[in-house]
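Below is one structure; the comments refer to it alone.
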Amino acid sequence: MDFKGKQKRFPLPVLFLSLIIIFGLCFIVDTEQVHAAGKTVSFKGRKIAEYNEKGEMVYIPYTSTKSYRGSTPSNVNYNALNSLVKGNEKKTIVIPKGSKFTINGVLKPGNNTTIIATGATITGKKKSNLVSCSPKQNLKNLTIKGGTWKSPDKGGRVGGGIFAFSFVNGLKIEGVTCSANYHGHAIEIIACKNVTIQNNKITAIGKCPKDPKTCLEAQLQIDISTKQTAPKVAEYGKKYVQGQTCENVKILNNTVTGARAVELNWTASEGGKYKNKFHKNIIIKGNKITGTSSEAVAFFNVIGGEISNNTIKTKSTRKQANGSYTIGVHVAAMGKHKSLAKSKLIIKNNTIYGNRNGIHFKGLFNKNETKCLQKLGNITVSGNKVYCKKGKDQAIVQVKKSCSKLTQSKNKTYKWK
C-alpha cells in the first residue's frame, strides 16, 4: 500500500541520542544482574543469604551452638528465615542441601514465594506448625519444594499440621518429607484454591491409640473452614469460618500413610449448617495411599474429580455394625448441592484393598434410607483391581442407586485373603 504525502522523519541527532539511551539502559540492567549474583543479605548484623546466578537467595544457616546477640540458635534461624520469606515481591529462598537446624517459630511467607529445601532438615518448635499463614493474608503463589520438615514432639506433631494453609490461591508442596502424630495432620489445606501436592512422603509416626474409634485423623487433610474444623482460623473472625471449601486440588504421586491417609472433609457441627458445602474438582492420581485404622481415601462432599492410577489400601478391621471405616475408597454425599447430580467422577486404573468394601458409593438418604435426597452424579469406574475381605460381590458397592449414573467396565474384583 502506498501512502501519499510528506512523511515525518526523526532528526539524526535525536535518533543517535535515543540509541545511546537504549544501549545504556541495557548495560545498566546487565550490570545489575551480574551484581545480584554476588549480593548478600544481612539481618541484625549477620550475613544470612547470598544471591546465586539464578537470582535466588541462598540461606546461610546459623550453625553455632552459642547464642547470637542474646538469641538462641533456633531463634536466630527462625527470625532470619522469616525476614527472607516475608513480603510480596517474587523471590526464591534456597536452604542448602545437607543443612540441619531448628527454628523456634512458624515461618509465615508472603506472596510469590518459593522455598527450596531439597536435602535439608528443618525442625520446628514443640506443639507448633513449621510453615503456615493467616486467612487475612489471602496468600497467592507459594511453593515449598523439598526438605525434611520435622516436629521435636515425642511421638510426632499432635493437632494442627506441619504445613497448615488457609485461603491460599496457587499453592504447591512438592518433594517434601513430613510426619505428624496419628492424632494430627502432616499437611492441612483449608479453603484453598489451585493447589498441587506432589511427590511427597507423608507418614504418621508414633502409635495409634488402642481404641481405634479415637484414631481417625488424616495425614493429608483437605478441609472446610468452620469453627469446628479450623479453630485457629476462627480466631481471625467469623467471616473466615463460613464453610469455605477447597477447589482445584491435585494430589499427585505421593506416598501417604495415616489413620486415615487422605480425607476430603465435611462437618455436621453447628447444627449441620455447613453440610451443604462441597469441595470442587479434586484429582488424586499416581499415589500410594494406606489407611491404618480408617478409610484410606475419604472422598466426602466433592463435586467433580478423578481417582486414578493409585495403590490404595486400608488395614482397618473395625468391628462396628456398618464397618464404613474399613472401606478403601469411600465416596459419600453428606448434604445437598445443585451441581452434584450432574457432576462427573472418574475412578480408573487403581489397585484398591478394602475390608467391608473396596469402593463404596453412598448419596444422601432420609433417616430410614427409603429415599435418596442427593445423588452423587455420573461416575465411571473402569480398569480397577479391587480386593475385598468380604468377598468379590462386595468389592464395588453402590447403596440403593446413589449415583445418577454408574458405568463400570474392565474392573477385576477379588476376595482379599
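Just so it is clear, the values below take in all heavy atoms, side chains as well, and ignore hydrogens, waters and symmetry mates.
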> Given the rule in the salt bridge (Lys or Arg N to Asp or Glu O under 4.0 Å) test, do Glu235 and Lys227 qualify, once you have shown the distances and angles that lead to the verdict?
Replying inline: CA-CA 9 Å; Glu235 294 174 4; Lys227 288 190 291 185; over 6 Å; no
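- Outside the 6.0 Å centre-distance limit, the rings of Tyr62 and Phe101 are not counted as a close aromatic pair.
- The shortest distance between side-chain heavy atoms of Leu376 and Val331 falls below 4.5 Å.
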>> Could you go through Phe167 and Val233, starting from their C-alpha distance and side-chain angles, then the distance that decides it, and tell me whether this counts as side-chain contact (heavy atoms from CB on, under 4.5 Å)?
In response: CA-CA 10 Å; Phe167 294 85; Val233 174; 4.1 Å; yes
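- Distance NZ/Lys250 to CD1/Ile282: 11.5 Å, rounded to 0.5 Å.
- With Gln219 contributing its side chain and Ala180 its backbone, the two residues share a donor-acceptor pair below 3.5 Å.
- For the side chain to side chain contact (heavy atoms under 4.5 Å, CB included) with Ile122, the lone residue among Val176, Thr148, Ile103, Leu107 that qualifies is Ile103.
- Other residues, nucleotides and ligands contribute more than 12 heavy atoms inside 6.0 Å of the CD atom of Gln242.
- Smallest separation of non-hydrogen atoms from Ser404 and Lys375: OG-CB, 3.6 Å.
- Between the side chain of Asn194 and the backbone N or O of Asn169 there is no donor-acceptor pair closer than 3.5 Å.
- Between the side chains of Thr203 and Ser179, a donor-acceptor pair is found at a separation under 3.5 Å.
- Ser308 and Glu306 form a side-chain donor-acceptor contact under 3.5 Å, judged by distance and modelled atom types alone.
- How far CD1 of Ile189 is from CD1 of Ile173: 4.5 Å, rounded to the nearest 0.5 Å.
- A 4.5 Å side-chain heavy-atom check between Asn281 and Ile303 finds every atom pair outside the cut-off.
- When atom types are taken as modelled, the side chain of Lys400 and the backbone of Glu369 share a donor-acceptor pair closer than 3.5 angstrom.
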>> Checking Asn199 against Leu252 for the side-chain contact (heavy atoms from CB on, under 4.5 Å) test, could you report, in this order, the C-alpha distance in whole Å, the side-chain angles of both residues, the deciding distance, and whether it holds?
In response: CA-CA 7 Å; Asn199 299 323; Leu252 310 173; over 6 Å; no
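- The distance from the CD1 atom of Ile116 to the CD1 atom of Ile93 is 9.0 Å, given to the nearest 0.5 Å.
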> Are Thr380 and Ser382 close enough, and set up right, to give a side-chain hydrogen bond (donor to acceptor under 3.5 Å, both in side chains), and what steps lead you there?
Replying inline: CA-CA 6 Å; Thr380 301; Ser382 64; over 6 Å; no
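- Among the candidates Asn79, Thr123, Thr102, the single residue satisfying the side chain to side chain contact (heavy atoms under 4.5 Å, CB included) test with Ser74 is Thr102.
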>> Please evaluate residues Tyr68 and Asn75 with respect to the criterion side-chain contact (heavy atoms from CB on, under 4.5 Å), reporting the C-alpha separation (whole Å), side-chain torsions for both, the decisive distance (0.1 Å), and the verdict.
In response: CA-CA 9 Å; Tyr68 178 79; Asn75 267 331; over 6 Å; no
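- For NZ of Lys100, the number of neighbouring non-hydrogen atoms (other residues, nucleotides, ligands) closer than 6.0 Å is 12 at most.
- Contact annotation: the side chain of Phe365 approaches that of Val399 to within less than 4.5 Å [non-hydrogen atoms, C-beta and beyond].
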> After noting the C-alpha distance and the side-chain angles of Ser67 and Thr72, does the key distance pass the side-chain contact (heavy atoms from CB on, under 4.5 Å) rule?
Replying inline: CA-CA 5 Å; Ser67 62; Thr72 63; 5.6 Å; no
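- Smallest separation of non-hydrogen atoms from Leu364 and Met334: CD1-O, 3.8 Å.
- For the pair Ile327 and Gly358, the tightest heavy-atom approach, listed with the atom from each and the gap, is CG2-O, 3.9 Å.
- The environment of Lys412 atom NZ is sparse: at most 12 non-hydrogen atoms of other residues, nucleotides or ligands sit within 6.0 angstrom.
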>> side-chain hydrogen bond (donor to acceptor under 3.5 Å, both in side chains), that's the test. Do Lys47 and Thr40 meet it? Break it down for me.
In response: CA-CA 7 Å; Lys47 185 169 75 170; Thr40 61; 5.9 Å; no
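- When all heavy atoms of Glu295 and Arg260 are compared, the pair lying nearest together is OE1-NE, 2.7 Å.
- Contact between Trp266 and Thr229 at its shortest, heavy atoms only, is O-CG2, 4.4 Å.
- With hydrogens and angles ignored, the 3.5 Å screen pairs no side-chain donor or acceptor of Thr314 with any backbone N or O of Thr326.
- With rounding to the nearest 0.5 angstrom, the CG atom of Asn111 is 14.5 Å from the NZ atom of Lys86.
- At least one donor-acceptor pair under 3.5 Å links the side chain of Asn310 to the backbone N or O of Ile284.
- Of all the heavy atoms in Ala117 and Trp149, the pair that sits closest is CB-CZ2, 3.9 Å.
- For the atom pair CG of Asn411 and CG of Asn350, the computed distance is 9.5 Å after rounding to the nearest 0.5 Å.
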>> Before you tell me yes or no, could you show the steps for Gln198 and Glu174 under side-chain hydrogen bond (donor to acceptor under 3.5 Å, both in side chains), namely the whole-Å CA-CA distance, both residues' side-chain angles and the distance that decides it to 0.1 Å?
In response: CA-CA 5 Å; Gln198 68 180 16; Glu174 179 180 3; 3.3 Å; yes
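- Glu263 is listed as a side-chain neighbour of Phe300, based on a closest heavy-atom distance under 4.5 Å.
- A distance of 6.0 Å or more separates the ring centres of His185 and Phe163.
- Panel note: side chain Asn276, backbone Lys336; a donor-acceptor pair is recorded below 3.5 Å.
- A donor-acceptor pair under 3.5 Å is formed between the side chain of Asn52 and the backbone N or O of Lys54.
- Put simply, the side chain of Val381 reaches to within 4.5 Å of the side chain of Phe361, judged on heavy atoms.
- Summarising the local packing, NZ of Lys277 is surrounded by 12 or fewer heavy atoms from other residues, nucleotides or ligands at distances under 6.0 Å.
- Residues Thr121 and Ser99 are not in side-chain contact: their nearest non-hydrogen atoms beyond the backbone lie 4.5 Å or more apart.
- Gln394 contributes no side-chain N or O that, together with a main-chain N or O of Gly391, makes up a donor-acceptor pair within less than 3.5 Å.
- Note on ring orientation: taking the six-membered ring where Trp is involved, the planes of His360 and His330 are perpendicular (angle over 60°, cut-offs 30° and 60°).
- Distance alone, capped at 3.5 Å, is enough to place a donor-acceptor pair between the Arg69 side chain and the Lys44 backbone.
- Rounding to the nearest 0.5 angstrom, the gap separating the CD1 atom in Ile312 from the OG1 atom in Thr351 is 9.0 Å.
- Within 6.0 Å of NZ in Lys392 there are 12 or fewer heavy atoms belonging to other residues, nucleotides or ligands.
- At a threshold of 4.5 Å between non-hydrogen side-chain atoms, the residues Ile283 and Ile251 do not count as touching.
- Judged by distance alone, the side chain of Asn357 and the main-chain N or O of Val397 form no donor-acceptor pair under 3.5 Å.
- Contact annotation: the side chain of Ile396 approaches that of Gln408 to within less than 4.5 Å [non-hydrogen atoms, C-beta and beyond].
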